[in-house]
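Values reported hereafter were calculated over all heavy atoms of this structure, with side chains retained and with hydrogens, waters and symmetry mates removed. Since the model is a prediction, treat every value here as computed from it, not as a measurement. Sequence lines set the chain letters: A, B, ... in the order given, protein chains first and strands last, and positions in each chain run from 1.
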Amino acid sequence: MDDASDIVIRVKGLRNAFGTHVVHDDLDLEVRRGEIIGVVGGSGTGKSVLLRTISGLQRPSAGSVDVLGVDVLNADEDTRSALEARWGVMFQDGALFSSLTVRENVEVPMRAVIGLDPDVRRHLADLKISLTGLPYLAGDKYPSELSGGMRKRAGLARALALDPEIVFLDEPTAGLDPIGATAFDNLIKGLSEAMGLTVFLVTHDLDTLHAVCDRIAVLAEKKVLVTGTMQEMMKVDHPWVHDYFHGPRARAALDATEQDQG
Amino acid sequence: MDGVDEQMMERPEFSIEDADDGDGIALAGVLSIKVVSRLDAALGALPVQDTRLDLSGVTHVDTAGAWSILGLERRLESAGQTLDITGASKTAAQLIETVRNALPDPQEAEDGKQSVADRLEAFGQGVVASAGYGLALVNYLGLFVARLGRAIRHPGTFRMTALVHHCQEVGLKAVPIVSLMAFLIGVVLAFQGSAQLRQFGAEVFVVDLIAISILRELGILLTSIIVAGRTASAFTAAIGSMKMREEIDAMRTLGLDPATVLFVPRILALVLMLPILGLIANVMGLLGGAIMSWVELGISPAMFRTRLVEGTDISHVMVGMVKAPVFALIIGIIGCHAGMQVESNAESLGRQTSNAVVAAIFAVIVADAGFSIFFAQMGI
């Protein structure tokens, strides 16, 4: 699995700074094909900034970002746009275009596909909407008519529109009730298996980490402090990591997972 | 069968042909969203009969490809035939299975057609809603007067700092734009008036024209329209964003009355400032008219002044100024009311802000027409 060709995201020596405030310094991270990696860290450790940097929304002051073998920071326009068709981003509240219906939102990335029949496009959008667990009629609704959980699902449907190889999820379960969050966890897990997705998710939700993630990367002290499975995290003795994974909430989440498995 | 394979290098391609053993159809290549339109057409052209579909030559299939294969399966099954999919790789089979479970069941949206009764009902509801809007504005007026009365009885509850701040916002900061607007209106009136009056050799009456139209109508009306544009929207945006972030609810739980804290200082500031702005507009309008008359008609400033004092009754100024506080109330109440109608999303904030501006300008013009009729009937 550690074969170099199986690394789909490689971040090296990344530095992000806002004015004098340094968020990342000499940060390294590797993500393997087909895995679900969860990025955790305290507030202000730059989890979302890291996601934005890898997906090309934010230019770092130093370092390199390789996604699917493309140098994101120095690629020319054509390479970039070809790359963008191979990843999808789901923003925290879905970031759906408010003037378009859900179906039209999902169709937006598909419009870039040359020679795609509008009728087929419409059916495919309906399929993506249904894949993310939304009812059929949700496709005709506008984002403002949907609940927060449904907007997230619609955002995921748009991110999956072109069957990307990588999806970036920013706080996928934030603001959802426990039932909705669990359903979303299962959705991510199921889709990543069925579609062979690599999932990069930023979260605070310990249940998601337990239930979904193959590996966890902890952001602290301006870099990726440790990466590893849940079990490995439990053994790390860095104070923040220890508190995070041994707090009462972490225990509850771990118990729940063990019950599910046992 | 259909040889769709076109020798194109960059684009992923697929092929569809009879299987080697002469039994069934063999798909090969990449079945992705880029070729799905052609794939779907090719599969759609297959005859309706029991079919075996061999996917062993397929290198990659995505949800679009799987959707297309399942479309064929549905079509055959609805005709009582079967589709036997063989040779699919493990991932492809899993994907096809996932897509099969997720295939949407098209449902008709509710009938969108409207009968005559529906239209009548919508019209009736529109009338009731606009009457309700009028009532709500009267309600806000009552609320403002009641809270102002309470503030007068208990001066300690009155927010002097807020009042001064809003006076600066709605009054002082509007002076440049109002002055410039009024000055230019004076210039335009003198210019147009002189062109017409010169035909009758009655150039000197341009002074009366400018003075009466500006003092009586235009000065205060146009000032109110500008203030409606900049202040009603500002009130709606400020109160609306507080409403959006639940600050208004927080105030209520803390025992603060939104009407006292938010409405009274804002509307009162407007009531105090609009007459002053109107007066400034009057002066600037006359100044613009005087300068243009001098340049265009040779009416010297001294002559303009004499003609103005002798020919224009002070009642014109009073008629103009008496309207100012009323317009101020209208603008302030509409702005505050719209702000309170904002819901918890950003779209409603934008919608209410533009509604407030349109409603305020419209109401000011309607009120002005009402004043005109009233003064004409009273012979003032």
Side-chain angles (χ1 to χ4, degrees), chain A residues 34 78 82 85-86 93 97-99 101 103 106-107 109-146 148 151 157 160-165 187 189-197, chain B residues 4 6 8 10-13 30-44 60-71 74 88-110 112 244 342-351:
Chain A
D78 291 347
R86 295 172 70 191
D93 194 35
F97 304 120
S98 53
S99 57
T101 64
R103 183 181 298 109
V106 180
E107 284 183 48
M110 297 184 186
R111 283 170 192 276
V113 179
I114 300 156
L116 185 61
D117 185 66
D119 220 33
V120 173
R121 187 173 69 209
R122 191 188 141 87
H123 284 293
L124 288 178
D126 280 338
L127 173 64
K128 289 281 153 50
I129 291 167
S130 151
L131 264 177
T132 51
L134 287 172
Y136 180 78
L137 289 179
D140 290 323
K141 294 201 168 131
Y142 285 92
S144 57
E145 300 172 286
L146 301 180
R151 273 205 297 275
L160 294 176
L162 294 178
D163 280 53
E165 291 164 55
L187 177 67
K189 186 99 180 151
L191 286 178
S192 92
E193 277 169 14
M195 298 169 71
L197 289 172
Chain B
V4 198
E6 302 158 9
M8 292 179 71
E10 310 96 284
R11 291 177 64 184
E13 281 306 325
V30 176
L31 310 180
S32 75
I33 190 167
K34 295 192 172 140
V35 298
V36 71
S37 286
R38 284 178 294 139
L39 175 65
D40 205 43
L43 291 179
H60 176 73
V61 55
D62 70 1
T63 48
W67 169 81
S68 194
I69 292 169
L70 290 166
R74 270 200 174 181
S89 67
K90 185 164 162 279
T91 52
Q94 194 180 11
L95 181 68
I96 291 174
E97 194 50 39
T98 306
V99 173
R100 180 183 284 129
N101 293 333
L103 271 186
D105 219 357
Q107 299 158 359
E108 282 304 310
E110 295 107 74
M244 221 167 84
V342 170
E343 294 151 29
S344 57
N345 53 56
E347 294 96 75
S348 80
L349 179 62
R351 199 169 52 240

Output the option from D117(A), T132(A), L124(A) having the highest count of non-hydrogen pairs under 4.5 Å with chain B. L124(A)
Nearest non-hydrogen partners of A194(A) and Q94(B), listed with the distance: CA-CD, 4.2 Å
Rounded at 0.5 Å granularity, tell me how far CG in L131(A) sits from CH2 in W67(B). 13.0 Å
Using non-hydrogen atoms only, which part of V61(B) is less than 4.5 Å away from chain A: side chain, backbone, both, or neither? neither
Taking only residues two or more places apart in sequence, or in another chain, which ones meet D62(B) in a side chain to side chain donor-acceptor pair (under 3.5 Å)? none
Engaged part of A161(A) at the chain B interface, taking heavy atoms whose separation is under 4.5 Å: backbone
Shortest non-hydrogen separation from V113(A) to I33(B) and the atoms involved: CG1-O, 3.9 Å
From S68(B) atom OG to L127(A) atom CG, the distance as rounded to the nearest 0.5 Å: 11.5 Å
Would you give the length of the straight line joining atom NZ of K34(B) to atom CD1 of I114(A), rounded to the nearest 0.5 angstrom? 8.5 Å
Identified side chain to side chain contact (heavy atoms under 4.5 Å, CB included) partner of M195(A) from the options L95(B), T98(B), V99(B), T91(B): L95(B)
Dump the intermediate steps for side-chain hydrogen bond (donor to acceptor under 3.5 Å, both in side chains) on S144(A) and N345(B), then the final yes or no. CA-CA 8 Å; S144(A) 57; N345(B) 53 56; 5.7 Å; no
For the student: nearest non-hydrogen atoms of S37(B) and G115(A), plus distance: OG-O, 3.2 Å
